[in-house]
Amino acid sequence: MTIHPDQRYIDGLLRNDNLIIREIYKRFAARIKLYITRNNGSDEDAADIFQECLIDIYNQAHHRQLQLTCPFEPFFLLVCKRKWLNELKKRGSQPVTKNEIELSNLGEDVFRSAELVVEEEDRAKQVMAHFERLGEKCREILKLSLTGQAQEKIAEKLGVTYGYFRKKKSECLSTLIGYIKGNHH
Amino acid sequence: MAVYDNHHIARYLSGELTPEEEAEFMDRLETDAELAAEVEQVRKALDTLRERLPENPQEQALRANLKEMNERHFKTAGTRVISMKKYFAAAVAAAVIICVIVLWPTQNYMDKWGTIAMVSPQERGGKSNHLQKASAHFNRREYALALPWLNRAVDADSSSHMALFYRGIAEFHIGDKEAARRDLVKVFEGTSVFKYEAAFFMAVGYAAEKDEKNALFWLDKIPENSSTAEKAKKLRAEL
């Protein structure tokens, strides 16, 4: 699949490149602000959504090697729009459908890429939230286990026996699985 | 048929099952799509934790940068509703200040002089679809929405001083002064009918910043016999 020249925006986010980031704000901040403030949101909501969308795109690029096969403008605006509609849903508010963001160059790949970013990042946030529900000890055990270090070493570091560590780790993971599957409260 | 609970899945993913238990569980995964999907879901979750639990200084730096940009571009971000009771005196004082601002002769030059109607391309005999869309927003003072269409019009025809002129005005209204001036200077340096209007709006921009010297500098460029001369004279009087 051909990478779109607008991949430079994604690369700019990965490098925390001031020029690129400034360009993104100049081109899109006012439009997102207008869209959100006309759709039951405030200036603060617009600022939060704008920032979080850029972070989501960064995360998808950093962790999942997101590569842009469509223009950045409709892709970014759709990510923001979708994220704001999700937020309105959470708040129980209705979107004002007549106030749409005007978009052009809308190909199938634009929708697919934007949906993927929002869905994947929502899923990642849910996973992190489930993890945060675990007790402190469980979080520490799982966090260290996921680093790939030898289990014996981790047990030693935590000052527990190897047997206890293995047992506790399975218990913690089991609780986490329950949270993920929604059958552990 | 054995029922595998969360603990069994956890032991499988931790490599804690005996070889016999593991073989049996893997056989089951082959035939039980629901169980296989659950295991896949947990695997993905663990991948996410593996990626995101370690601190990422790069992401933190980006967040700090975006926060700063947010303050610049979403100016009211961070304001909070304050208690009227607790801050009653402050609220009264603020109200007095607002009254003074409202009752005082207006110094908001951009509001007073910066609002103009965009001539639609049909009226000028043009065919640009981008400019038509831009003018619909521009004339409703939706400058942020007009801007993308003006950008497209300029991209399609960089010699269009009409598109550059209205883009300059729209940029002024959304606070991008640097870009606004760049466009208006370009228009002024040309020979289109927007030449002296561009000079006038350069003056309005500086007047709005209380930069009288530069405002007068641009007003001086408007000849007395031009159609812009009358309002230039009025602005000069106000300055």
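Just so you know, these numbers use all the heavy atoms, side chains as well, and skip hydrogens, waters and symmetry mates.
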Quick test of your reading of the model: are [X] and [Y] salt-bridged, counting only N-O distances below 4.0 Å?
X: A:Glu120; Y: A:Lys125; answer: no
X: A:Glu121; Y: B:Arg52; answer: yes
X: B:Glu209; Y: B:Lys177; answer: yes
X: A:Glu73; Y: B:Arg152; answer: yes
X: B:Glu24; Y: B:Arg28; answer: no
X: A:Lys83; Y: A:Glu87; answer: no
X: A:Lys168; Y: A:Glu140; answer: no

Heavy-atom distance under 4.5 Å to chain B: side chain of [X], backbone, both or neither?
X: A:Leu14; answer: backbone
X: A:Lys26; answer: both
X: A:Asp45; answer: neither
X: A:Arg64; answer: side chain
X: A:Glu52; answer: side chain
X: A:Tyr25; answer: both
X: A:Arg123; answer: side chain
X: A:His62; answer: side chain

Segment of B:Glu38 engaging chain A (4.5 angstrom heavy-atom cut-off)
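Contact with chain A involves the side chain of B:Glu38 alone.
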Report which part of B:Glu178 has an atom under 4.5 Å of a heavy atom belonging to chain A: side chain, backbone, both, or neither.
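The side chain, not the backbone.
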Pairs of heavy atoms under 4.5 Å with chain B: top-ranked of [options]:
options: A:Asn59, A:Leu142, A:Leu13; answer: A:Asn59
options: A:Leu173, A:Val127, A:Ile55; answer: A:Ile55
options: A:Arg166, A:Gln126, A:Glu171, A:Lys143; answer: A:Arg166

Do you know which of [options] has the most heavy-atom pairs under 4.5 Å to chain A?
options: B:Asn65, B:Val42, B:Asp5, B:Asp47; value: B:Asn65
options: B:Leu49, B:Asn151, B:Leu13; value: B:Leu49
options: B:Arg50, B:His7, B:Met69; value: B:Met69

With a 6.0 Å cut-off on the ring centroids, do A:Phe50 and A:Phe28 count as close?
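They do not qualify: ring centres at least 6.0 Å apart.
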For the rings on A:Phe76 and A:Tyr9, is their centre-to-centre separation under 6.0 Å?
no
For a quick check under 3.5 Å, do A:Thr147 and A:Gln149 share a side-chain donor-acceptor pair by atom type?
yes
